[in-house]
Amino acid sequence: DTEVTQTPKHLVMGMTNKKSLKCEQHMGHRAMYWYKQKAKKPPELMFVYSYEKLSINESVPSRFSPECPNSSLLNLHLHALQPEDSALYLCASSQDGQGAGQPQHFGDGTRLSIL
Amino acid sequence: GQQLNQSPQSMFIQEGEDVSMNCTSSSIFNTWLWYKQDPGEGPVLLIALYKAGELTSNGRLTAQFGITRKDSFLNISASIPSDVGIYFCGNNAGGTSYGKLTFGQGTILTVHP
């Protein structure tokens, strides 16, 4: 079982809907990440939070809005998404995101479909 | 930005065969990470390498950090059907890019019983 828990596992939404993806970890990690992954492609980094502060935004469109309420939780708020945003959204965590080479531990993702 | 060149892109093998895949880069790295992703799941860390020349095993898996620090390989011995999946190499950049994990394009492994 993964130690990074993501909910929901599947989400279908219309282009005008507002929804949120949730991620939780209890490993004491202080860095958390959002990735987007298309089928048979590698995950692509979207956002990095280190000590609850946004440290990296990979030029992600504003229709994706991350939030880190505390060190264990990470949310991704979705609004006015496009069909091309359909993908697997992965959350990951690592020790503190300050040291190169820290392995990241992934959740099983949310499969998002935009109608 | 950094690019990791992973090969082969896909492999079709018979159960019991050995498998080898590798990643190369034009940049020097201090770590190499190998992940496996099963259908419908997130990537799972298999092996982490932290020193040039390091050879590390995890069961039937063996990975090495190249001596030039620009490459790494992953071997799977005596493959079994549950080895099916996508294997990714990965690297964390240092400097101002702490936390940026870059993946290779993946090797899709199919094992025929």
Side-chain angles (χ1 to χ4, degrees), chain A residues 1-7 9-10 21 23 25 27 29-51 53-59 68 74 87-111, chain B residues 1-6 9-10 21 23 27-52 54 56 58 63 65 69 72 84-110:
Chain A
D1 286 340
T2 180
E3 294 178 87
V4 177
T5 304
Q6 290 188 243
T7 55
K9 288 195 178 302
H10 302 276
L21 309 184
C23 175
Q25 58 87 14
M27 294 181 281
H29 289 172
R30 302 308 299 271
M32 296 185 77
Y33 311 80
W34 281 115
Y35 289 83
K36 174 183 178 181
Q37 185 179 29
K38 292 284 199 179
K40 297 188 178 179
K41 296 293 185 183
E44 297 176 353
L45 183 66
M46 300 173 71
F47 302 103
V48 180
Y49 274 84
S50 181
Y51 291 90
K53 287 187 168 43
L54 183 65
S55 60
I56 295 176
N57 175 343
E58 289 288 274
S59 302
C68 189
L74 186 66
L88 181 68
Y89 288 83
L90 292 163
C91 174
S93 71
S94 68
Q95 188 176 334
D96 61 16
Q98 300 294 307
Q102 292 180 3
Q104 294 179 20
H105 301 266
F106 287 82
D108 284 338
T110 294
R111 177 73 59 190
Chain B
Q2 58 172 313
Q3 278 198 317
L4 301 182
N5 301 308
Q6 185 172 349
Q9 288 187 343
S10 61
M21 61 193 77
C23 268
S27 302
I28 290 174
F29 291 107
N30 292 323
T31 63
W32 282 97
L33 307 170
W34 284 95
Y35 287 85
K36 181 195 178 195
Q37 187 171 22
D38 290 331
E41 297 183 11
V44 174
L45 181 69
L46 298 174
I47 292 178
L49 301 163
Y50 296 103
K51 197 190 308 185
E54 179 182 357
T56 297
N58 177 5
F65 193 143
R69 293 167 59 194
S72 176
V84 164
I86 305 179
Y87 292 79
F88 293 105
C89 61
N91 238 302
N92 281 349
T96 57
S97 297
Y98 281 141
K100 290 190 68 169
L101 178 54
T102 300
F103 289 93
Q105 289 302 304
T107 296
I108 301 172
L109 179 62
T110 304

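Chain letters run A, B, ... following the sequence lines, proteins first and then strands; every chain starts at 1. No experiment lies behind these values; they were computed from the predicted model shown.
- In terms of heavy-atom pairs under 4.5 Å with chain B, the best-connected choice from A/Arg111, A/Glu58, A/Glu44, A/Lys9 is A/Glu58.
- When heavy atoms are compared at a cutoff of 4.5 Å, B/Gln6 does not approach chain A at all.
- No other option in B/Pro43, B/Gly104, B/Gly106 has as many heavy-atom pairs under 4.5 Å with chain A as B/Pro43.
- Put simply, the side chain of B/Asp38 never gets that close to the backbone of B/Gly85: no donor and acceptor are under 3.5 Å apart.
- More than 12 non-hydrogen atoms from other residues, nucleotides or ligands lie less than 6.0 angstrom from NZ of A/Lys38.
- When the side-chain contact (heavy atoms from CB on, under 4.5 Å) test is applied to B/Thr56, the partners found at least two apart in sequence or on another chain are B/Ile47, B/Leu49, B/Glu54.
- Only the side chain of A/Gln37 comes within less than 4.5 Å of a heavy atom of chain B; its backbone N, CA, C and O stay farther away.
- Considering only residues two or more places apart in sequence or on other chains, A/Tyr89 meets the ring pair (Phe, Tyr, Trp, His ring centres under 6.0 Å) condition with A/Phe64.
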